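Residue numbers begin at 1 in each chain, while the letters A, B, ... track the order of the sequences. From a predicted model like this one, the values you see are computed outputs, not experimental measurements.
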Amino acid sequence: MEGYLPLPHALAWSAVGLGILGWSLRQLRHKIQTEPEAFMLIGAAAGYCFVLSSLKIPSVLGSSSHPTGIALGTLLLGAAAMVPIGFLVLLFQAMLLAHGGLTTLGANLFSLSLLGAGAAVLGQKTIRNLGLACYWQGFGAALLSSLATYVGTSLQLGFAFSGGPMHWFESSAQFLWVYGPTQVPLAILEGLLTGAVFKYMIESKRVPERVLR
Amino acid sequence: MKLTAIRMGLGVLFILLIVGVRFGPEGDGTDDRATQLIHELYPDYQPWTKAIWEPSDRQEQVLFGIQTLFGLGLLVYLDLKVRRRSL
């Protein structure tokens with residue numbers, strides 16, 4: 001997608017991305033100082049995110065895409081932890097794989113690590129309030145976060161490529177129609193896997209009490 | 001006992017997923033379709049820059065493989081480390 005986000009948009013999203021990164025690093029430093037097991041959890045969050053985002057999975061309609069792997073780490077550590085991790089993944093894939101891109105990194109960081117992680121928190125809370133067990137909390141978090149990331153991407157692209165006769169929502173809907181059919185099955189798959197890993201981590205007591213509250 | 005079963009189940013699940021992806025059918029990426037859509041909507045749009053380097057299909061597989069293995073290694077290492085501590 002390098003060069004496909006018009007320059008003013010790319011600059012604005014880069015500034016937003018930089019802001020998010022600065023905020024998250026401060027939050028994370030605080031977390032590491034106050035929670036001894038934070039390092040371990042950051043490692044697990046990063047490992048899971050690396051594995052899932054490296055899988056290019058073919059889906060219906062013959063197109064392929066990536067799961068995000070953002071939800072698990074969000075459940076373990078909160079949204080702030082996923083920004084630097086998402087940044088590393090995006091940087092690696094932009095520099096070496098020509099997936100995403102440096103000029104779209106800020107925009108991607110926003111949709112992946114902020115919208116994605118925010119949706120994960122929302123997903124878990126909703127499922128927990130329904131009284132369902134931790135497996136389904138992990139499922140709901142990952143499902144919603146994976147979807148939110150691509151809804152975010154569609155809105156960003158729609159925003160950049162609207163104007164003239166086309167309204168923002170109209171063009172966003174078209175991009176959503178490109179990503180949606182591929183992403184929905186992937187989001188369900190990611191939900192099923194994330195639920196299993198989350199349940200395992202809780203049952204084997206690998207997470208602090210805080211996560212369960 | 002139950003946890004060992006779950007751990008092995010998860011391991012098998014990850015391996016199946018990774019092997020399935022590596023040797024499964026390959027479609028074009030959704031991002032490529034999105035750029036196609038941009039060209040359809042705005043035929044005049046020219047990308048103002050392009051990727052410095054683009055890997056071949058083979059190189060792409062290897063690089064994604066490295067990312068998968070690194071992440072998986074991290075997960076297994078941490079899991080074993082925590083387990084040793086709690087025993």
Partner chain B: residue of [options] with the largest heavy-atom pair count (under 4.5 Å):
{"options": "A:I57, A:V89, A:T103", "result": "A:T103"}
{"options": "A:F161, A:F92, A:W177", "result": "A:F161"}
{"options": "A:S171, A:S65, A:A46, A:A98", "result": "A:A98"}
{"options": "A:M40, A:K199, A:H66", "result": "A:M40"}

Quick one: what part of B:F14 sits under 4.5 Å from any heavy atom of chain A, side chain, backbone, both or neither?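 Side chain only.
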Sort B:I52 into side chain, backbone, both or neither according to what part of it lies under 4.5 angstrom from a heavy atom of chain A. side chain
Indicate every side-chain donor-acceptor pair of residues 3-17 of chain A with a distance under 3.5 Å to a residue at least two apart or in another chain.
{"unit_1": "A:Y4", "atom_1": "OH", "unit_2": "B:H39", "atom_2": "NE2", "d": "2.7"}
{"unit_1": "A:S14", "atom_1": "OG", "unit_2": "A:A10", "atom_2": "O", "d": "2.7"}

What part of [X] gets closer than 4.5 Å to chain B, counting heavy atoms only: side chain, backbone, both or neither?
{"X": "A:L96", "value": "both"}
{"X": "A:M201", "value": "neither"}
{"X": "A:S154", "value": "neither"}

Closer than 4.0 angstrom, basic N to acidic O: yes or no for A:R206 and A:E37?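 The answer is no: the pair does not qualify as a salt bridge.
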If you draw a 6.0 Å radius around [atom1] in [X], do more than 12 non-hydrogen atoms from other residues or ligands fall strictly inside?
{"X": "B:F70", "atom1": "CZ", "value": "no"}
{"X": "B:Y42", "atom1": "OH", "value": "yes"}
{"X": "B:W48", "atom1": "CH2", "value": "yes"}

Do A:T68 and A:Y150 get their side chains close enough for a donor-acceptor pair, meaning under 3.5 Å?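 Short answer, no.
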Donor on one side chain, acceptor on other, A:E170 and A:S162, under 3.5 Å: no
Side chain to side chain donor-acceptor pair (under 3.5 Å) filter on A:S172, not counting sequence neighbours, yields A:W168
Hey, which of [options] has the most heavy atom pairs under 4.5 Å with chain A?
{"options": "B:L13, B:I38, B:D32, B:L63", "answer": "B:I38"}
{"options": "B:P55, B:G9, B:A51", "answer": "B:P55"}
{"options": "B:K50, B:R7, B:E54", "answer": "B:R7"}
{"options": "B:V76, B:L37, B:L72", "answer": "B:L37"}

Could you tell me whether the side chain of B:D31 reaches within less than 4.5 Å of the side chain of A:H99, counting heavy atoms only? no
